[in-house]
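Values below: every heavy atom of this structure, side chains too, minus hydrogens, waters and symmetry copies. Residue numbering restarts at 1 for every chain, and letters A, B, ... go by the order of the sequence lines.
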Amino acid sequence: LGADLSSMIHSLGIPRDNTRHRVLDTFQSPWAETSRSEVEPTFFIPD
Amino acid sequence: TSTERYYLVFTEWVRLLQRVTSDDKIIFVFIKQLMDKGVLSDSDNFIGFVKAALELSVYSFKESDPTGEVFTAIDALSKLLIKLFILQDFAGYSRQEYLNTVFSIILLVFSNDHEEDEATFNERPYFRLLSNFLCEWATLRGHNFIKVADQKTRKELLSFDAEFYNIFASYLHSFQPFAFPGFSFAWISLLSHRMFLPVMLRLPQKAGWEKLMLLLIDLLKFLNQYTIKGKISDAVSVVYKGTLRIFLGISNDVPQFLIENHYELMNNLPISYFQLKNVILSAIPLKMLVPNPFDSDLALENITECQNPPVVFYDPVSDIQALKKPVDNYLRIPSNSLLRTIINGLYLTEYDIKGGVGFDMLTTNNKLIRAIVLHVAVEAGLENGRTSSNAVFNTKSSYYQLLFDLIHDGTIELKFQVIQVMIEQLRYPNIHTRWFIYVLRDMFVTEAWEEQRTEVQEIILRSLLERVIVHNPHTWGVSVLFTQLLNSDEVNLLELDFINNIPEIKHMFVQL
Amino acid sequence: SNKAFKNPLFKKELKYWLASKKPLMQPYKEMPPKMVSQLESSLLNCPDSLDADSPYLYQVPLSNPHPTSIFFPSEPIRFTYPYEVIKSNQGNLNPNDKTHASHQSVEDIYSRTSLAKIFSKFDLDTLFFIFYHYQGTYDQFLAARELSQNRHWLFNKVDSCWYFREIEKLPPTINMSNTIPNNKREDSNSDEEESWRYFDYKKSWLARRCGPDFVYHEEGFEKL
């Protein structure tokens, strides 16, 4: 029967409302348990 | 020994990186000396050096205080390998060869470590090394490699970009859980790494999609192999959870990937994974607004998106093989002999053990059935665009006829397989969804089945029910068809024997 | 007998790599004990987000190291800010503070990270400090992002200073006569005044008004 995915979706950072937000660029780990801290995403610093 | 000398040189490098920034001139001097003084002057000593450096880094990780800096040496190694990648001449050999050599060395050292002593193997330093490559490359490639001063090098790196990721993916494929179970969780973390997965999804011309599919299929195959009814280990459950989370992330960021690759994903998805099936098939194109599927006045022919054929990344035609000619000929002119040929080709010569709901094995070729059904959908969609809806939304069309005949003449199992696969095509608003809603709704009410009618109705309802009974998400198309059947004037579901005779099912339908 | 297996560089390792191909071609129907144990060990050692973070090699230290309590972690901790908390703060803006005038946070991949959210609460002083003293870091990037995207400052490539364009609405001039020629009446900007400020990081560490001879040249500014 699967499971209620709302907490999993929330832990991913997917917004509850209708706004869209990319989540894979700041993806910490496949499991919430190993996502204790945020990770540094790609960024660019002009010279 | 030369290994010991390599240890010394590498240790110097690690120390150096703790004192100066990585773009300090000293770094360039050091690397130049590595090449000039014969440490990295040819491929043999390059292999020897990298091997020694990696072994030492892994050893250093294992010996370090776990609460302190455990990755100092590994971080320094990845920095060195990337620096070498940028700074070398590449006169006698290519960037590709260099990268393949580096990854091969890592794979060999890793294999030894993984196999030789299970008790001491730890996936983390290898994960860190590969993760660092991804981070370093991500920094390097920013704004089309604009930080690379030399124009020629910049151009080369830019054209090499997709290849870097595909080479990385190829090696990741070698590290998969079937081959190295002790690396499984690190492997899944690499596949979904923030500097790998979204990049692979977004490379121009979908250049990363094929390899990404290879990796996702590796994962699904592993899950499929070890999802045994009643006997799923905790570790496999955790793998499943991570997989589900990854697919949710992909569905949010790049739903188009799931949309275009759904066919191959369905081919490899474990048969009892209904929720993951729904997650994959529920993907909706990013900017599409979807009408309420529970609206009983929904007129699909008036929805613009329902005219559009969905893009398919992998053409199912390649999988139809020997049956392509009979199928295409049948679609031109239906005939009984062609039908016989096709149906006979759908049965397996050996049982396929599959832990399904209500069955433990299959005698029909699920993949071949899926390929044929999708092929029919693609052809029907094309014809709809070429001629008119009337040609295709027509029970006399050869598209409808083929599916009808397969169901009519097939065993119960074949009926079930064909119907299940048709229901997989009930996704977001598009021509395939619309067409299969039309076909399935007609098949549900038509009297043409004669004595098989109840059987077919039961299979259709069962197949729909197993998709809606699970927790969200549910696909738009399944919700639409299910609503239409519940509200149908032509058939009262509550009068059907197979619903009436089972209290739990009756209760469910009464509620619905 | 294959030549590769005789190569002293990797003959020892090659046989292990080759052994891994067998379960790849023919996966075990049921996991043998060794595989179960390896899988569980992998679960135990599962890399976490700290392992996946960008490698942090040597950075020129900001100042002399000072003693800190042993209870303070040496790594910066990036914690997760509850989304709801931040949302409620966005309403508390001083309407007179021009730098927050149009404080509509931009939505990008950084916007929901805790660091970016914290930066949105920093005052300008802090942002400039981070920008100039943490060069080449993610922190500098976030400071620049906050200054540019959310506070609408512009970065000048030539003098490496941040500039701010201020539009002040002047009080309407009371004109008793009705004889203003039409061509003058059509000037829609007549009740607005543009002024520029820049942050002087070199000397005074203050935002100063630009002189009257300041002319804005678009090409001199970084397109962030």
So for B:Ile250, is it side chain, backbone, both, or neither that comes closer than 4.5 Å to the heavy atoms of chain A? both
Closest heavy-atom pair, B:Gly249 versus A:Val23, reported as atoms and distance to 0.1 Å, is CA-CG2, 4.1 Å
Can you tell me which portion of B:Leu248 sits under 4.5 Å from chain A's heavy atoms? Options are side chain, backbone, both or neither. both
Sort out for me which of B:Val279, B:Leu286, B:Ile469 touches chain A most, counting heavy-atom pairs under 4.5 Å. B:Leu286
Which donor-acceptor pairs sit under 3.5 Å apart between chain A and chain B?
unit_1  : atom_1 : unit_2   : atom_2 : d
A:Leu1  : O      : B:His471 : N      : 3.1
A:Ala3  : N      : B:Gln275 : OE1    : 2.9
A:Ala3  : O      : B:Gln275 : NE2    : 2.7
A:Ser11 : O      : B:Arg245 : NH2    : 3.4
A:Ser11 : OG     : B:Arg245 : NE     : 3.2
A:Ser11 : OG     : B:Arg245 : NH2    : 3.0
A:Arg20 : NH2    : B:Asn252 : O      : 3.0
A:His21 : O      : B:Asn252 : ND2    : 2.7
A:Val23 : N      : B:Asp253 : OD1    : 2.9
A:Val23 : N      : B:Asp253 : OD2    : 3.1
A:Leu24 : N      : B:Asp253 : OD2    : 2.8
A:Ser29 : O      : B:Arg245 : NH1    : 2.8
A:Pro30 : O      : B:Arg245 : NH1    : 3.2
A:Trp31 : NE1    : B:Val238 : O      : 2.7
A:Glu40 : O      : B:Arg194 : NE     : 2.8
A:Glu40 : O      : B:Arg194 : NH2    : 3.1
A:Ile45 : O      : B:Lys147 : NZ     : 2.3
A:Asp47 : OD1    : B:Lys147 : NZ     : 3.2

Which bit of B:Ile146 comes within less than 4.5 Å of chain A, counting heavy atoms only: side chain, backbone, both or neither? side chain
Minimum side-chain heavy-atom gap B:Leu191-A:Pro30 below 4.5 Å: no
So, using ring pair (Phe, Tyr, Trp, His ring centres under 6.0 Å) as the criterion, who are the partners of B:Phe71 when residues are at least two apart? B:Phe61
